[in-house]
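Presented below is the structure to which this report refers.
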Amino acid sequence: MRYPTPYYLIDERKLLKNLKRIQQVRTQAGAKSVLALKCFSTWPVFNLMRQYMDGTTSSSLYEAQLGYEEFGKEVHAYSVAFSEQDIEQLSSISDKIIFNSISQLQQFAEQTKHLARGLRLNPQLSYSEYDLADPARQYSRLGIIGPPPPEANALINGAMLHYNCENTDFENFSSLLNQIGKQYSTLFYKLDWLSLGGGIYFTRDDYPLEEFIKKLKAFSEQFDLQIYLEPGETAITDSTTLVTTVLDIVHNERDIAIVDSSIEAHMLDLLTYQETAQVKDSAKTGELHYIIAGKSCLAGDIFGEYRTNTPLKPGDQVKLCDAGGYTMVKMNWFNGLNMPSIIIKRLTGHYDTVKTFSYQDFKNNLGPSRGSSR
Ligand SMILES: *Cc1c(COP(=O)(O)O)cnc(C)c1O
């Protein structure tokens, strides 16, 4: 079937593959998983995800509200800094609230006393290839340094650490967890729950899942803790493609195919981390090499490379792989380019267009909605 491009295509069967691994960790290690909404909040697939996960975690009031309304189950609310109004609304919809600092924990102690409360710890250890995303970077504001003082301990029954980023290395995960267990052993014996954050790529085919499960189980038994994981990318990896159409082929030393999308507007995270998109069906040995570029006026609007044996021409589709995480949540109206529609291929094989955008959405985004008159 041919739908107007660009569109994100979420394949529930591929999503299910990740969800089943998450489920295995739940049942075999007893570690619960809450979806990190900052990575993926396309709620029309939550009906499926809910069956395999324990709830959501959030970085803001709106994310928590979405988790509460559309995912259900446990609502974990975390924010680098809450406002009074945030706390007022969160206190009636969240199960757990995780503070980033002792000052905020103390400021909102009274309003949140009916909730499970935690503090974010900064173990000054991390796994990240990028300084930008490294919670242990110099002057990091993410979590408290060192164990909490007694007056803070009295207010919490859990803690959260998020110190992995795109970590595919089980040995590294395991050794960091050992170090953290040593660093905080006194605290961990007192707590009821501990969230290990996201960034652990345990749904990948080559990840030693059995060992991961063993490690989590042993850790949770050692300290008698309910472990939580907060998968973002891990939950949705490889489930989504961004489908685009070639509009033009230009030449400047190399062949450049311009597609009806933009990395800046529709896969911004790649640009932020200076990565490129993988193009579906790109041959390793193809004779023809193309640069796949976006149609915004940004000079560096380049998705990546495409190799093929059949020449590309206007009207051909180009599919960008692994376009589910940190893409739809970061879409923007740069250059006034229409946002990609969102289409879900359901488990039944049925295609469900759940969202389309129009000029009116672009206009309403920065001014009062006037309906479709004028
Ligand atoms: C970003 C983030 C996550 C999710 O990270 P992924 O790398 O997408 O798995 C989980 N927890 C916290 C606190 C985060 O900031």
Side-chain angles (χ1 to χ4, degrees), residues 15 18-19 21-22 25 31-42 49 52-64 66-67 71 74-82 94 96-101 104 117-123 125-137 140-144 158-170 172-173 176-177 180 193-204 207 212 216 227-240 267-270 272-273 275 322-330:
L15 191 56
N18 299 329
L19 295 173
R21 294 203 176 151
I22 290 173
V25 173
K32 296 187 177 181
S33 273
V34 287
L35 175 66
L37 293 175
K38 79 156 193 273
C39 169
F40 182 88
S41 43
T42 311
M49 301 186 86
Y52 299 86
M53 300 184 75
D54 297 280
T56 54
T57 188
S58 53
S59 359
S60 64
L61 170 64
Y62 287 175
E63 283 187 356
L66 183 73
F71 202 105
E74 289 189 43
V75 177
H76 291 204
Y78 164 75
S79 172
V80 170
F82 294 108
S94 39
K96 286 195 174 60
I97 189 149
I98 301 163
F99 292 98
N100 188 60
S101 71
Q104 285 234 316
R117 274 188 303 225
L119 261 177
R120 178 168 181 172
L121 309 172
N122 184 335
L125 296 170
S126 67
Y127 181 95
S128 175
E129 312 264 328
Y130 309 97
D131 186 54
L132 183 64
D134 184 357
R137 81 207 293 257
S140 173
R141 71 202 188 298
L142 302 173
I144 67 162
M160 185 267 275
L161 305 109
H162 172 68
Y163 57 101
N164 287 290
C165 176
E166 301 192 1
N167 192 348
T168 52
D169 178 354
F170 171 74
N172 173 277
F173 166 79
L176 284 181
L177 191 63
I180 284 167
W193 56 273
L194 178 72
S195 176
L196 298 176
I200 311 160
Y201 275 17
F202 64 91
T203 55
R204 283 169 57 119
Y207 199 85
F212 180 63
L216 288 177
I227 299 292
Y228 285 89
L229 301 170
E230 303 180 349
E233 187 63 49
T234 306
I236 51 85
T237 191
D238 275 333
S239 66
T240 304
M267 286 186 91
L268 181 59
D269 214 50
L270 292 177
T272 305
Y273 293 102
E275 292 178 331
D322 211 6
Y326 301 99
T327 52
M328 289 170 264
V329 293
K330 288 189 167 195

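Remember, it's 1-based here, ligands and their atoms both numbered in the order they're listed.
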If the threshold is 4.0 Å, N to carboxylate O, is there a salt bridge linking Glu74 and Lys96? yes
Provide the number and element of each atom of ligand 1 under 4.0 Å from a heavy atom of Tyr326. 1 (C), 4 (C), 5 (O), 6 (P), 7 (O), 8 (O)
Below 4.0 angstrom from a heavy atom of Met160, which ligand 1 atoms are there? Numbered from 1 as shown, please. 13 (C)
Among all protein heavy atoms, pick out the one at the shortest distance from atom 2 (C) of ligand 1; state its residue, atom name and that distance to 0.1 Å. Lys38 NZ, 2.2 Å
Validation row, ring centre Phe170 to ring centre Phe202 under 6.0 Å: no
Has ligand 1 got any nitrogen or oxygen that is less than 3.5 angstrom from a nitrogen or oxygen of Gly199? yes
Hey, would you say the Tyr78 and His162 ring centroids sit under 6.0 Å apart? no
Minimum side-chain heavy-atom gap Tyr207-Ile200 below 4.5 Å: yes
With a sphere of 6.0 Å drawn around CD of Glu275, does it hold more than 12 non-hydrogen atoms of other residues, nucleotides or ligands? yes
Main chain of Tyr127, side chain of Asn164: is a donor-acceptor contact present, judged purely on distance under 3.5 Å? no
Per atom 10 (C) of ligand 1, closest listed option by heavy atom (Glu230, Glu233, Arg120): Glu230
Which ligand 1 atoms, with their elements, are less than 4.0 angstrom from a heavy-atom of Ala36? 3 (C), 4 (C), 10 (C)
Ligand 1 to Asn164 polar contact by distance, N or O atoms, under 3.5 Å: no
Hey, does Glu166 sit under 4.0 Å from ligand 1 if you only count heavy atoms? no
